[in-house]
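Working notes, structure below.
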Amino acid sequence: MTTTRSIAKIEKVEESFSVIAEEQSRLNSRIESLDANLNSRMNMLETSMVAILLAIQALKTSRVVPTTAVASKASTSAAANGEPESGTLVKDCTRMSRFWKPGTEKPRLVEDEEGGVLFYTAAASSGYGLASIEKQRQRLPVYKYRTAILYLVETHATTIIVGETGSGKTTQIPQYLKESGWAEGGRMIACTQPRRLAVQTVASRVAEEMGVKLGEEVGYTIRFEDITNNELTRIKFLTDGVLLREMMDDPLLGKYSVIMVDEAHERSLSTDILLGLLKKIQRRRPDLRLVISSATIEARSMASFFNTSRKRQGRDDGEHVPRKEPAILSVEGRGFNVQICYVEEPVPDYIRAAVSTVCSIHDEESMGDILVFLTGQDDIDAAIQLLTEDSHSRKQGLIVLPLYSGLPRADQDIIFSPTPRGKRKVIISTNIAETSLTLEGVVYVVDCGFSKQRFYNPMIDIENLVVTPISKASARQRAGRAGRIRPGKCYRLYTEEYFINEMSADGIPEMQRSNLVSCVIQLKALGIDNILGFDWPASPSPEALIRALEVLYSLGVLDDDAKLTSPAGFQVAEIPLDPMVSKMILASNDYGCSEEVITIAAVLSIQSIWFSGRGAQKELDEARLRFAAAEGDHVTFLNVYKGFIGSGKSSNWCHKNHVNYHAMKKVDEIRQQLRRIAQRLGIALKSCEGDMKAVRKAVTAGFFANACRLEAFSHNGLYKTVRSSQEVYIHPSSVLFRVNPKWVVFHSIVSTDRQYMRNVITIDPSWLTEAAPQFYQQQQLKPRPH
DNA sequence: GAGCACTGC
């Protein structure tokens, strides 16, 4: 028993290794292609710089003296793998003095680790007391580049802004564009963000700076919240996902004059899709300008992606045609220096190493909070255990706090409360603190060098979470978290040699690590027929694309020519959910149970409706049993939702039943949105009034590909998937755990030492052939002779 | 009888 488990474990590790090796070789070929294009991009950079110079000269002669200081030529020596936070190479640029305005701080040229992108640094202007908003705006580093940015946007189809945190680019650039007329004539300036919270905070900040009411001249749109006004809004902040949805109604995004894609270096799935589509739109809309904001490392690959000029520069000199080669401009940030410390020898156990590093910081360094990056909840719990044991026997003064997304809201709030005098907070966090949350007061960062990443294996159609070494870009981002309030220190639990020689420059884009069904259907809905030939910022593997096409074909969403079917294909594309869930909703119309199925879809699209708390496992199990349905988890969700509604959506009721109140509110919101969409699609909102067979049939219509059969004579609950005979088990959190019905379909798989099915429902095998006759041959379903 | 990096429509 233990042996088979160990073997399974070894096999899983081996599989992870092969996935990583595969990604490594993909990365290598990418580096090669980067090298191959280096020269042409250096030329491009130079021409961009010359363009700025010309602009400034022109402005000088027209007696408008810009405050910008500009260098004339990029240094080409690639100080490969240098570390900008610590060992930055600072030198004066001799040719710069010509443009250095006397009486101001002399600008310095800082060479970037890639050698290709310039930073201009100048001391932040000093000033005390309350400044007007306008003064504050002028004090942001980006202000010095206002003229240059406007010139570049005017003359280039695409401008890439390399900006460190705190440069002010996100709040200022849209305002500069508006001030110079890009929002006139009824046009709008769009600025996308990867996260909802960022959209909201940036939009309200900009509205405040402009002295307008949020939702009028400045507005924002995120899912469930559209704070814009059709007549008035000129600057609109939105998530990249929302902009993708907008493209379904307006494929050329005609109402926007400039689209700024912020945080593009994060390379999220929707950012990458958006970038690919924007490049396509540019060809049809020469008037459209793109501003891509990106971190250093990604800037040049972005530039080569958007470079559509075909070496016929002579034809670009038309008056109104912008240059096709992107311009790159770097803006320094406002973070403080962070000193980087490496370990001398590789550490055998990063949790112990992290704990002892925290202790020595506490003993030896001045006050300031500590942020520790580990990979997941298990690591965090283990570290906290070690640390609290340790600090009991030592002096007091450490407040140890965990941070991860699954943490209950109240526990997260403690982290943001100010550190009491004489105390030091130690926040032990997952990647959530790398980009999604900002913690003030952190002066020391401890970086274990790993994070959990999703990897998708198209062969067995399973996504896996794997502890993976982070990239240099991530390491820099983590270190930067120490320099927000004053100069800080970052302790890397790996050697400098490893950082320089072995750590990859940037991570693998999500596009190359994910299941692509949602992505493919979105592109199909936008009329992109040749998915395999689409010009992606990072091409996904053909296997993953083919698998996605197969799944969509089996769902009846794509036809034999891989075109969207009508109406089913277009309807599924319209619903903002995983296509299998969307298909389930469409099918619910036929079975007269759309109200129930929409509730199920809403629950499936959030993480968990249960209140997580490690100590209270028994209580949670008992609570779950109160709602348990023999049919399975989906029906159990219906029972919980019914109870929640019956209680008048009471938080008290949730608390008593170990249900997560915030999750249920979200379920309710998603449910309302899905009902509106369903009505638009002509799906009758109808309840089956307790006929759970109808609900199960609808679930089967979407998830037939996830059908599993209990192995004959299996005493330990072993199932095999009908499609590929994968060995799977029902997850212990399922209400069908140990019940082991003969036939089930599952919503998703989590793979740990076994493959576990999460959210399972019983079915009748005859429904499979009914739902997908082309997918299941009748004979496959017959019991095996024994 | 066990475990959930992080987003988003």
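Quick note on labels: first sequence line is chain A, next is B, and so on, each numbered from 1.
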Inset, instruction - Can you sort out which residues in residues 239-252 of chain A have a heavy atom within less than 4.0 Å of DNA chain B? Ascending by number, please. - result: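 Listed by number, they are A:Thr239, A:Gly241, A:Val242, A:Arg245.
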Inset, instruction - Strictly below 4.0 Å, heavy-atom distances to any atom of DNA chain B: list the hits from residues 667-675 of chain A, or just say none. - result: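 The stretch gives none, as no residue of it lies under 4.0 Å from the strand.
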[N] [atom2] sits how many Å from [X] [atom1], rounded?
{"X": "A:Arg676", "N": "B:dC9", "atom1": "CZ", "atom2": "C1'", "value": "13 Å"}
{"X": "A:Phe737", "N": "B:dG3", "atom1": "CZ", "atom2": "P", "value": "11 Å"}
{"X": "A:His715", "N": "B:dG1", "atom1": "NE2", "atom2": "P", "value": "15 Å"}
{"X": "A:Lys666", "N": "B:dT7", "atom1": "NZ", "atom2": "P", "value": "9 Å"}
{"X": "A:Arg195", "N": "B:dC9", "atom1": "CZ", "atom2": "P", "value": "12 Å"}
{"X": "A:Leu374", "N": "B:dC6", "atom1": "CG", "atom2": "P", "value": "13 Å"}
{"X": "A:Glu463", "N": "B:dC4", "atom1": "CD", "atom2": "P", "value": "14 Å"}
{"X": "A:Leu274", "N": "B:dC9", "atom1": "CG", "atom2": "P", "value": "13 Å"}

Tell me which nucleotide among [options] gets nearest to the side chain of [X].
{"X": "A:Arg738", "options": "B:dC6, B:dG3, B:dG1", "result": "B:dG1"}
{"X": "A:Pro576", "options": "B:dA2, B:dC4, B:dC9", "result": "B:dC9"}
{"X": "A:His731", "options": "B:dC6, B:dG1, B:dA2", "result": "B:dA2"}

Residues forming a side-chain hydrogen bond (donor to acceptor under 3.5 Å, both in side chains) with [X], sequence neighbours excluded:
{"X": "A:Arg675", "answer": "A:Glu595"}
{"X": "A:Gln193", "answer": "A:Asp262"}
{"X": "A:Glu263", "answer": "none"}
{"X": "A:Ser474", "answer": "A:Glu434"}

Inset, instruction - Mind checking salt bridge (charged side-chain N to carboxylate O under 4.0 Å, His left out) for A:Asp240 and listing every partner two or more places apart, or none if nothing turns up? - result: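 Per chain and number, A:Asp240 pairs via salt bridge (charged side-chain N to carboxylate O under 4.0 Å, His left out) with no residue.
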Legend entry - Partner residues of A:Asp633 under the salt bridge (charged side-chain N to carboxylate O under 4.0 Å, His left out) criterion, sequence neighbours left out: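 So A:Asp633 forms no salt bridge (charged side-chain N to carboxylate O under 4.0 Å, His left out) with any residue.
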So does [X] get a side-chain nitrogen or oxygen closer than 4.0 Å to the phosphate oxygens (OP1/OP2) of [N]?
{"X": "A:Ser608", "N": "B:dC4", "value": "no"}
{"X": "A:Arg754", "N": "B:dG3", "value": "no"}
{"X": "A:Thr375", "N": "B:dA5", "value": "no"}
{"X": "A:Ser270", "N": "B:dG8", "value": "no"}

Inset, instruction - Specify whether A:Tyr756 and A:Tyr729 have parallel, tilted or perpendicular ring planes, treating 30° as the upper limit for parallel and 60° as the lower limit for perpendicular. - result: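 It falls in the tilted class, 30° to 60°.
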Inset, instruction - For the residue pair A:Trp610 and A:Phe627, categorise the inter-ring angle as parallel (less than 30°), tilted (30 to 60°) or perpendicular (more than 60°). - result: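 Because their plane-to-plane angle lies in the 30° to 60° range, the rings of A:Trp610 and A:Phe627 count as tilted.
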Regarding [X], tell me which of base, sugar-phosphate or nothing describes its non-hydrogen contacts under 4.0 Å with the strands shown.
{"X": "A:Ser268", "result": "nothing"}
{"X": "A:Asp621", "result": "base"}
{"X": "A:Ser451", "result": "nothing"}
{"X": "A:Ile222", "result": "sugar-phosphate"}
{"X": "A:Ser436", "result": "sugar-phosphate"}
{"X": "A:Arg223", "result": "base"}

Inset, instruction - Using a 4.5 Å cut-off on heavy atoms from C-beta on, say whether the side chain of A:Tyr256 contacts that of A:Leu243. - result: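 Side chain of A:Leu243 against side chain of A:Tyr256, heavy atoms only: contact under 4.5 Å found.
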Legend entry - Modelled atom types, side-chain donor and acceptor of A:Asp461 and A:Tyr456, under 3.5 Å: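 Side chains of A:Asp461 and A:Tyr456: pair found under 3.5 Å.
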Inset, instruction - Map A:Arg758 and A:Gln607 onto DNA chain B by nearest heavy atom, then report which one ends up closer to the 5' terminus. - result: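 That would be A:Arg758.
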Inset, instruction - Between A:Leu403 and A:Gln522, just flag the one whose closest nucleotide in DNA chain B comes earlier from the 5' side. - result: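 Nearer the 5' end of the strand: A:Leu403.
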Inset, instruction - Taking ring-ring contact (aromatic ring centres under 6.0 Å, His included) as the test, write out the residues that go with A:Trp536, two or more places apart. - result: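 Partners of A:Trp536 under the ring-ring contact (aromatic ring centres under 6.0 Å, His included) test: A:Phe534.
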Inset, instruction - If the glycosidic angle is within 90 degrees of 0 it's syn, otherwise anti, so just tell me which one B:dC6 is. - result: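 With its glycosidic angle more than 90° from zero, B:dC6 counts as anti.
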